[in-house]
Trainee: 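Got a structure for you, written out below as C-alpha cells; questions coming shortly.
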Amino acid sequence: MATKFTPLHDRILVRRVEEGETTRGGIIIPDTAKDKPQEGEVISLGKGKISEEGKVRPLDVKEGDRILFGKYAGTEIKLDGEELVIMREEEVLGVITGAAKRETAGAKK
C-alpha cells in the first residue's frame, strides 16, 4: 500500500479476508450470492481509547491480527484502489488464532 493511513483513537483499518468459493458439499457459490466476509486482517490502528481521566488505554488488537466482526460493522473506504473497512475496536467480536491463512480480498497478486 503506497498511501500511509493511521486511524485515530480507537479505530482500526481492516482488509477483508475472502471466503471459499465452494461449500463443504461442493456447491459453487456465485459472486452475486456471496455475503461480504466478516473476517479480516488488521492493517493499522490508532493509539487507543481516551478515558474520562484523559489517559490513553491501548487497544487489545494489533497489526496483523485476524479478527471477526459484525455484518454491518465499520465504514467501507477505498484507499489506493483497495477496498478496506475502518471501524472502532468495540465493533470487533474477537481475534482468530491458529486459523489457516486465507486469501485477502482485493490483495494484489
Trainee: Where do Arg16 and Glu76 come nearest, in terms of heavy atoms and distance?
Mentor: NH2-OE2, 3.3 Å
Trainee: If the threshold is 4.0 Å, N to carboxylate O, is there a salt bridge linking Arg11 and Glu90?
Mentor: no
Trainee: Let me see the working for Phe5 and Leu84 under side chain to side chain contact (heavy atoms under 4.5 Å, CB included), right down to the final yes or no.
Mentor: CA-CA 11 Å; Phe5 180 85; Leu84 303 167; over 6 Å; no
Trainee: The test is side chain to side chain contact (heavy atoms under 4.5 Å, CB included); show your working for Ile12 and Leu59 and say whether it passes.
Mentor: CA-CA 9 Å; Ile12 59 174; Leu59 302 179; 4.0 Å; yes
Trainee: How long is the gap from CG on Asp10 to CE on Met87, to the nearest 0.5 Å?
Mentor: 12.0 Å
Trainee: At what distance, to the nearest 0.5 angstrom, does CD of Glu83 lie from CZ of Arg15?
Mentor: 12.5 Å
Trainee: Could you give the distance from CG (Asp65) to CG (Asp60), rounded to the nearest 0.5 Å?
Mentor: 10.0 Å
Trainee: Please report the shortest heavy-atom distance between Leu13 and Pro7, naming the atom on each side.
Mentor: N-CG, 3.9 Å
Trainee: With a 4.5 Å cut-off on side-chain heavy-atom distances among I, L, V, M, F, W and Y, is there a chain of contacts connecting Ile77 to Ile43?
Mentor: yes
Trainee: Which atom pair, heavy atoms only, marks the closest approach of Val17 to Gly40?
Mentor: CG2-CA, 3.6 Å
Trainee: For Tyr72 and Glu91, what are the C-alpha separation, side-chain angles and deciding distance, and is it a side chain to side chain contact (heavy atoms under 4.5 Å, CB included)?
Mentor: CA-CA 9 Å; Tyr72 302 106; Glu91 294 180 281; over 6 Å; no
Trainee: How many angstroms lie between atom CG of Leu79 and atom CD1 of Ile86, to the nearest 0.5 angstrom?
Mentor: 9.5 Å
Trainee: Please step through side chain to side chain contact (heavy atoms under 4.5 Å, CB included) for the pair Val95 and Val61, ending with a clear verdict.
Mentor: CA-CA 7 Å; Val95 178; Val61 297; 3.9 Å; yes
Trainee: Which distance, rounded to the nearest 0.5 Å, do you find between the CG of Leu8 and the CG of Leu45?
Mentor: 11.5 Å
Trainee: For the pair Arg57 and Glu89, find out whether any cationic side-chain nitrogen is under 4.0 Å from an anionic carboxylate oxygen.
Mentor: yes
Trainee: Thinking salt bridges, do Glu39 and Arg66 make one under a 4.0 Å N-O criterion?
Mentor: yes
Trainee: Specify the closest pair of heavy atoms between Phe69 and Val14, including all atoms of both residues, with the distance to one decimal.
Mentor: CE2-CG1, 3.9 Å
